[in-house]
Amino acid sequence: MVEGISDVDQSQPSIARVYDYLLGGKDNYAVDRVVGDRFKQELPGSVAIAHANRQGLIRAVREIALAGIEQFIDLGSGLPTADNVHQVAQHHAPGSRVVYIDSDPIVLAHGRALLEDNEHTRVVQADVRDPRSIREHPDVIGMIDFDRPVAVIHSAVLHHINDDEDPRSIVRYWQEQVPSGSYFFISHFRSGGNPETVEAEAVLQATFGRGRWRTDEEISDLFGDLEILEPGIVPSSLWRPGLAERLPRIEPAQHELTVWEQLIVAGLARKP
Ligand code: SAM
């Protein structure tokens, strides 16, 4: 058994495990698959959203690594899957340091098992809503040099932070902690002002008590005064898809985006 797995509550669905199920992973329980199957039935685009998001993240990490950044903090990292942030980053820059943060104990358990031999990567169980506790965590201090540019990743996690928990202040906190030249990647559920958005938000809120589909303006506001890089905040499938020419395994969206694919967007910004 994976060490730490006994801390995992198997009677309640978890965001990390349902997302793992939608991505085709195996680190989930019956209770997660019931929810995942309901998502697939009631929200037929949920699998497409999960894949579009993950592929956008992979392309962004590659871009950030190619820009010379060798330190990553991945907030709300999720369960290990194919092409994890440390694998993509360390493929391009072998010395890259990565700290994964997630509040779900299953991420810690599986992450530690995966990373046993990786001296440049850590996984920390912590709550993204308490960024100071993450900044001051010994594994973060030991792995990240805050005098050098850092990539701060909020991939598909800020939409699990409700408005009264002030997601903007979380990003702002990290903005203040890192030097000029640091990168910020955010992907987020985007409101289409359509029945699909209303339905999706209702299903997520009913299941987890969380899940906010924010407008373009609200998502843009999360970046504060960071410099948003080309092509701006766009559906994840359209975020630098041309890169796929250099990455044969990753297929960009060749087709007209479905209404569902338009409900997840991504953006990359740089601290001036
Ligand atoms: N970042 C990965 C990606 O984009 O593929 C995983 C995204 S998954 C949809 C959201 C993750 O955020 C889950 O693993 C969940 O446990 C985590 N999460 C949600 N709220 C969190 C919080 N307050 N603190 C830390 N992690 C959180």
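What you see is a predicted model; the values in this text were computed from it and never measured. For ligands, and for the atoms within them, numbers begin at 1 and follow the listed sequence.
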Q: Write out the residue and atom name of the closest protein heavy atom to atom 21 (C) of ligand 1, then the distance separating them to 0.1 Å.
A: Ser103 OG, 3.5 Å
Q) Once the angle between the rings of Phe189 and Trp213 is folded into 0 to 90°, is it parallel (under 30°), tilted (30 to 60°) or perpendicular (over 60°)? A) parallel
Q) If you count the atoms of ligand 1 from 1 in the order shown, which ones are under 4.0 Å from a heavy atom of Ala126? A) 24 (N), 25 (C)
Q: Quick one: look up the protein heavy atom nearest atom 10 (C) of ligand 1 and list residue, atom name and how far away it is.
A: Ala156 O, 3.4 Å
All N/O donor-acceptor pairs, side-chain side in residues 191-199, below 3.5 Å, sequence neighbours left out:
from, atom 1, to, atom 2, distance (Å)
Ser191, OG, Gly193, N, 3.2
Asn194, OD1, Thr197, N, 3.0
Asn194, OD1, Thr197, OG1, 2.4
Thr197, OG1, Gly192, N, 2.9

Q: Give yes or no for whether the N/O distance cutoff of 3.5 Å, strictly under, is met between Tyr19 and ligand 1.
A: yes
Q.
Check Arg214 with Asp163, please: is the shortest side-chain N to carboxylate O separation under 4.0 Å?
A. yes
Q) Can the positive tip of Arg172 be found less than 6.0 Å from the middle of the six-membered ring of Phe223, inside 45° of the ring normal? A) no
Q: State, yes or no, whether a side-chain contact exists between Arg54 and Ile49 at a heavy-atom distance under 4.5 Å.
A: no
(Q) I'd like to know if the side chain of Arg97 pairs up with that of Gln71 as donor and acceptor (distance under 3.5 Å, no hydrogens or angles considered). (A) no
Q. Gly78 heavy atoms, cut-off 4.0 Å: which ligand 1 atoms fall inside?
A. 6 (C), 14 (O)
(Q) I want to confirm something. Looking only at heavy atoms, which of Val107, Ile101, Val124, Asp102 is nearest to atom 14 (O) of ligand 1? (A) Asp102
Q. Based purely on interatomic distance, does His160 place a nitrogen or oxygen under 3.5 Å from a nitrogen or oxygen of ligand 1?
A. no
(Q) Would you say the ring centers of Tyr100 and His86 fall short of 6.0 Å from each other? (A) yes
Q: May I ask you to check if ligand 1 and Ile161 share an N or O to N or O distance below 3.5 Å?
A: no
Q: Give the residue and atom name of whichever protein heavy atom lies nearest to atom 24 (N) of ligand 1, and the separation in Å to one decimal.
A: Val128 N, 2.9 Å
Q) So, Gln125 versus Asp104: side-chain donor-acceptor pair below 3.5 Å or not? A) no
(Q) Does ligand 1 come near enough to Asn53 that some N or O of the ligand is less than 3.5 Å from an N or O of the residue? (A) yes
Q | Ser187 versus Asn53, side-chain donor and acceptor atoms under 3.5 Å | A | yes
(Q) Please list the nearest protein heavy atom to atom 4 (O) of ligand 1 with its residue and the distance rounded to 0.1 Å. (A) Ser155 OG, 2.6 Å
**Q.** Asp104: numbered ligand 1 atoms lying under 4.0 Å from its heavy atoms
**A.** 16 (O)
Q) Should you measure from each heavy atom of Val157, which atoms of ligand 1 turn up under 4.0 Å away? A) 12 (O), 18 (N), 19 (C), 27 (C)
Q: Number the atoms of ligand 1 from 1 as they appear, then name those within less than 4.0 Å of a heavy atom of Arg129, with their elements.
A: 23 (N)
Q | Element-labelled atoms of ligand 1 that are located less than 4.0 Å from some non-hydrogen atom of Ala16 | A | 13 (C), 14 (O), 16 (O)
Q. Side-chain contact, heavy-atom cut-off 4.5 Å: Ile134 with Val124?
A. no
Q) How far is atom 23 (N) of ligand 1 from its nearest protein heavy atom, and which residue and atom is that? A) Asp127 OD1, 2.9 Å
Q | More than 12 heavy atoms of other groups within 6.0 Å of Glu217 CD | A | no
Q: Please identify each residue that fulfils salt bridge (Lys or Arg N to Asp or Glu O under 4.0 Å) with Glu218, with sequence neighbours left out.
A: Arg212
Q. Would you say ligand 1 has an N or O under 3.5 Å from any N or O of Asp74?
A. no
**Q.** Distance filter under 4.0 Å to Ser77 heavy atoms, resulting ligand 1 atoms
**A.** 1 (N), 2 (C), 6 (C)
Q. Considering only heavy atoms, which of Gly56, Ser14, Gly76, Ala266 lies nearest to atom 11 (C) of ligand 1?
A. Gly76
